[in-house]
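To start, the structure itself, in structure tokens.
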Amino acid sequence: MFDSNRPGGSSQKRGVPLISMRNIHKSFGSVHALRGASIDVHAGEIVALVGDNGAGKSTLVKVMSGVHGYDTGDYEFEGKQTKINSPSDASAYGIQTVYQDLSLCNNLDAVQNLFLGRELTGPGWFGRRIKRAECEVRAREVMTRMRLGNLSLSRPVGAMSGGQRQNIAIARSILWTPKVVILDEPTAALSHSAAEQVSTLVRTLANEGLGIVIVSHDIHHFVVNATDRIEVMRLGANVASFKSSEVTGEQVVNAMVGGNENVNLAG
Ligand SMILES: Nc1ncnc2c1ncn2[C@@H]1O[C@H](COP(=O)(O)OP(=O)(O)OP(=O)(O)O)[C@@H](O)[C@H]1O
Ligand SMILES: [Mg+2]
């Protein structure tokens, strides 16, 4: 059960991970934010990234999604060295990120939000009119696939609940069939039942073969119940890995704050 040789790693039996980051270092001036951080993300798996404030979680996912570069380390996608220098590079690899502010426009409806900035348009000489009908069909397909078929596509998203808005932001990320979706604090502002809906949704996506990375402080509910594996970071490095089904919230919190150095129970 104890294996500190592969920090951030997971079972060796499951083939090549979608994402494998090893020994990533990243400094912002004099702040050494990542000090050898590692993480694997496999297809069909929900990985929680947890740690105290300032542990380096957001920095690691921003490196993963091309927002930040890194100083040293290895970042492979499907077993090959990546060349990710921007969010659009990450997008081209099939990595989509849902940020905590969701980046939705409250006065627009779900269809408009799903296609914001990348509307389906006709040929240039035809005035590049937005093909609303096609957007609606595509939006409906995605919502049905995500089992969100009864969410209104025509109400302004500002009139929707936090959970519905979160689900639309996730739907937006999967419009272009990514392989990995990264969620930063998806349940932070949600009620228990809305958080349950988000758990159901991410499980649906994982069951379709996506790899999911979730940064969360909701250890006792969301992290231990809705994810498969938990990576604990402290001071820019991994300090523990757990299989979510084999750990209590208390054990995870203990690893976050200290003790249990380099525990890997993730098998
Ligand atoms: N753009 C930046 N410029 C300078 N320092 C930064 C920057 N981003 C992060 N840091 C620093 O890097 C360290 C890690 O920050 P990071 O945001 O990754 O932590 P976190 O684990 O996401 O914390 P939280 O749970 O509070 O969101 C902190 O010391 C932070 O102040
Ligand atoms: Mg953060």
Side-chain angles (χ1 to χ4, degrees), residues 7-8 19-41 46-75 84-90 95-104 162 165-166 169-170 173 180-190 195 198 202 211-224 226-227 229-242 244 247 249-263 266:
I19 284 180
S20 178
M21 300 175 87
R22 285 279 161 273
N23 208 14
I24 302 286
H25 285 257
K26 168 72 182 170
S27 292
F28 298 100
S30 60
V31 179
H32 198 169
L34 296 179
R35 303 166 183 244
S38 300
I39 189 167
D40 280 353
V41 185
I46 304 175
V47 184
L49 191 55
V50 307
D52 234 332
N53 297 123
K57 307 177 296 293
S58 293
T59 305
L60 186 61
V61 298
K62 283 178 179 167
V63 170
M64 195 181 279
S65 60
V67 173
H68 293 318
Y70 54 98
D71 302 328
T72 59
D74 291 308
Y75 182 179
I84 292 179
N85 296 310
S86 68
S88 60
D89 288 347
I95 302 169
Q96 291 288 336
T97 307
V98 180
Y99 295 102
Q100 195 174 347
D101 68 4
L102 304 184
S103 310
L104 296 174
R165 288 161 45 77
Q166 179 71 51
I170 297 172
S173 79
V180 175
V181 174
I182 303 167
L183 302 161
D184 200 350
E185 290 283 349
T187 61
L190 301 187
V198 172
V202 291
I212 313 276
V213 181
I214 298 184
V215 176
S216 180
H217 286 278
D218 186 0
I219 309 297
H220 293 280
H221 299 110
F222 190 81
V223 168
V224 293
T227 72
R229 198 155 53 77
I230 305 169
E231 281 300 327
V232 185
M233 290 184 71
R234 187 157 19 109
L235 299 175
N238 304 65
V239 288
S241 285
F242 301 103
S244 311
V247 75
E250 198 180 6
Q251 287 173 297
V252 176
V253 172
N254 283 342
M256 282 166 59
V257 296
N260 295 340
E261 293 304 315
N262 285 327
V263 180

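Because the structure is predicted, anything quoted here is derived from the model rather than measured. Whatever order the structure lists them in is the order used to number ligands and atoms, beginning at 1.
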**Asked** Tell me: protein heavy atom nearest atom 17 (O) of ligand 1, and distance?
**Response** S58 CB, 3.8 Å

**Complete:** Per side chain to side chain contact (heavy atoms under 4.5 Å, CB included), M21 is matched among L60, D40, V41 by L60

**Request:** Could you tell me whether atom 4 (C) of ligand 1 has a protein heavy atom closer than 4.0 Å?
**Result:** yes

**Prompt:** Which part of V215 is near ligand 1, with near meaning a heavy atom under 4.0 Å away: side chain, backbone, both or neither?
**Reply:** neither

**Item:** Closest protein heavy atom (residue, atom, distance) for atom 26 (O) of ligand 1
**Value:** N53 ND2, 2.9 Å

**Item:** Minimum heavy-atom distance between P186 and Q166, given as atom pair plus value
**Value:** O-OE1, 3.0 Å

**Message:** With heavy-atom distances below 4.0 Å as the criterion, list the atoms of ligand 1 near T59.
**Reply:** 9 (C), 14 (C), 15 (O), 16 (P), 18 (O)

**Message:** Among all the protein's non-hydrogen atoms, which is closest to atom 23 (O) of ligand 1, and how far away is it?
**Reply:** G54 N, 2.8 Å

**Prompt:** So, for atom 21 (O) of ligand 1, does the protein have a heavy atom nearer than 4.0 Å?
**Reply:** yes

**Asked** Counting backbone and side chain alike, does N53 bring an N/O/S atom below 2.8 Å of the Mg ion (ligand 2)?
**Response** no

**Request:** Would you check, one step at a time, whether the test side chain to side chain contact (heavy atoms under 4.5 Å, CB included) holds for H217 with N53?
**Result:** CA-CA 9 Å; H217 286 278; N53 297 123; 3.8 Å; yes

**Request:** For S173 and Q96, indicate whether the former's side chain and the latter's backbone hold a donor-acceptor pair under 3.5 Å.
**Result:** no

**Prompt:** Do the side chains of F28 and H68 get nearer than 4.5 Å, heavy atoms only?
**Reply:** yes

**Item:** Side-chain heavy-atom pair R229, E231 within 4.5 angstrom cut-off
**Value:** yes

**Prompt:** Taking the side chain as C-beta and beyond, is there a heavy-atom pair between V67 and T97 under 4.5 Å?
**Reply:** no

**Asked** So which heavy atom in the protein is nearest atom 25 (O) of ligand 1, and how far is it from that ligand atom?
**Response** K57 NZ, 2.7 Å

**Those atoms of ligand 1 less than 4.0 Å from some heavy atom in A33** = 12 (O), 13 (C)

**Request:** Could you tell me whether D184 and K57 have a side-chain N and a carboxylate O separated by less than 4.0 Å?
**Result:** no

**Asked** Among the heavy atoms of H217, does any lie under 4.0 Å from an atom of ligand 1?
**Response** yes

**Prompt:** Is ligand 1 less than 4.0 angstrom away from at least one heavy atom of L34?
**Reply:** no

**Message:** To check your reading of the model: name the closest protein heavy atom to atom 9 (C) of ligand 1, its residue, and the distance in Å.
**Reply:** F28 CE1, 3.6 Å

**Request:** Of the side chain and backbone of V31, name the one, both, or neither that has a heavy atom under 4.0 Å from an atom of ligand 1.
**Result:** side chain

**4.5 Å side-chain heavy-atom contact, M64 and Y75** = yes

